[in-house]
Amino acid sequence: SQQGEEDPQALSIQEGENATMNCSYKTSINNLQWYRQNSGRGLVHLILIRSNEREKHSGRLRVTLDTSKKSSSLLITASRAADTASYFCATDKEGSTLGRLYFGRGTQLTVWP
Amino acid sequence: ETGVTQTPRHLVMGMTNKKSLKCEQHLGHNAMYWYKQSAKKPLELMFVYNFKEQTENNSVPSRFSPECPNSSHLFLHLHTLQPEDSALYLCASSHDGTRNEQFFGPGTRLTVL
């Protein structure tokens, strides 16, 4: 299976701390995406990183991609209680044009005020 | 979340009922997706429509029947479901099947009694 696997499954931190989540996948990709989901709601796209990129920033988010290790990390700096959510990585398959994404089980992040 | 809307938001049905889930996207996208999200499992892709044509059916039982009358609307018709079909059903859209940042609706929480 291509699906990404996030690690850890759950992460609990205090406001102001940084949160790091990791994702591993199995086959070559065109790009990797991170999504966020608040409880019982739809997923929200956060950031996309292409296979030829190593790092990308968006506000307090920093994503890295290591294609040699087939892994990615999502760093949220200076976390806030409102960052509490589940975070998912999603990959496609290299050469695929169908737009199919493979999601992991997610990391549940809890940020305590 | 207003880019992709789903109705109803909650649905309780018996195993002999017939019901339909509706999804509408206001983003001018050409690809639409149905996903099933169950507790403790990765997001499962069910169906993909690209320019109104079904391009993927991920081995979904025939008691789930999709319909895509145009690029803006997607339905999931439900008939003789089982209790294990209880889940959050998410609709998503993307520009087309090749640019795969996906935009999700809020989901329909389905309970099958």
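This is a predicted model, so every value here is computed, not measured.
Between the OG atom of B/S94 and the CZ atom of A/R100 there is a distance of 14.0 Å, given to the nearest 0.5 Å. Expressed to the nearest 0.5 Å, how far CG of B/L90 lies from CG of A/L43 amounts to 6.5 Å. Of the inter-residue distances, the one linking A/Q33 atom CD with B/E101 atom CD reads 5.5 Å to the nearest 0.5 angstrom.
A 6.0 Å sphere centred on NZ of B/K52 holds no more than 12 heavy atoms belonging to other residues, nucleotides or ligands. Counted within 6.0 Å of CZ on A/R50, heavy atoms from surrounding residues, nucleotides or ligands total 12 or fewer; the atom is thus considered open. By the 6.0 Å contact criterion, CZ on A/R80 is open, its count of non-hydrogen atoms from other residues, nucleotides or ligands being 12 or less. Heavy-atom neighbours of B/Q54 CD from other residues, nucleotides or ligands within 6.0 Å: above the threshold of 12.
Using cut-offs of 30° and 60° for the angle between ring planes, the A/Y35 and B/F104 rings count as perpendicular.
Listed here is the closest heavy atom pair of B/K41 and A/R105: CA-NH1, 3.9 Å.
Judged by distance alone, the side chains of B/Q37 and A/Q37 do bring a donor and an acceptor atom under 3.5 Å apart.
Proximity to chain A involves both the backbone and the side chain of B/L43, based on heavy atoms less than 4.5 angstrom apart. If you measure heavy-atom distances from A/L48 to chain B, the contacts under 4.5 Å come from the side chain alone.
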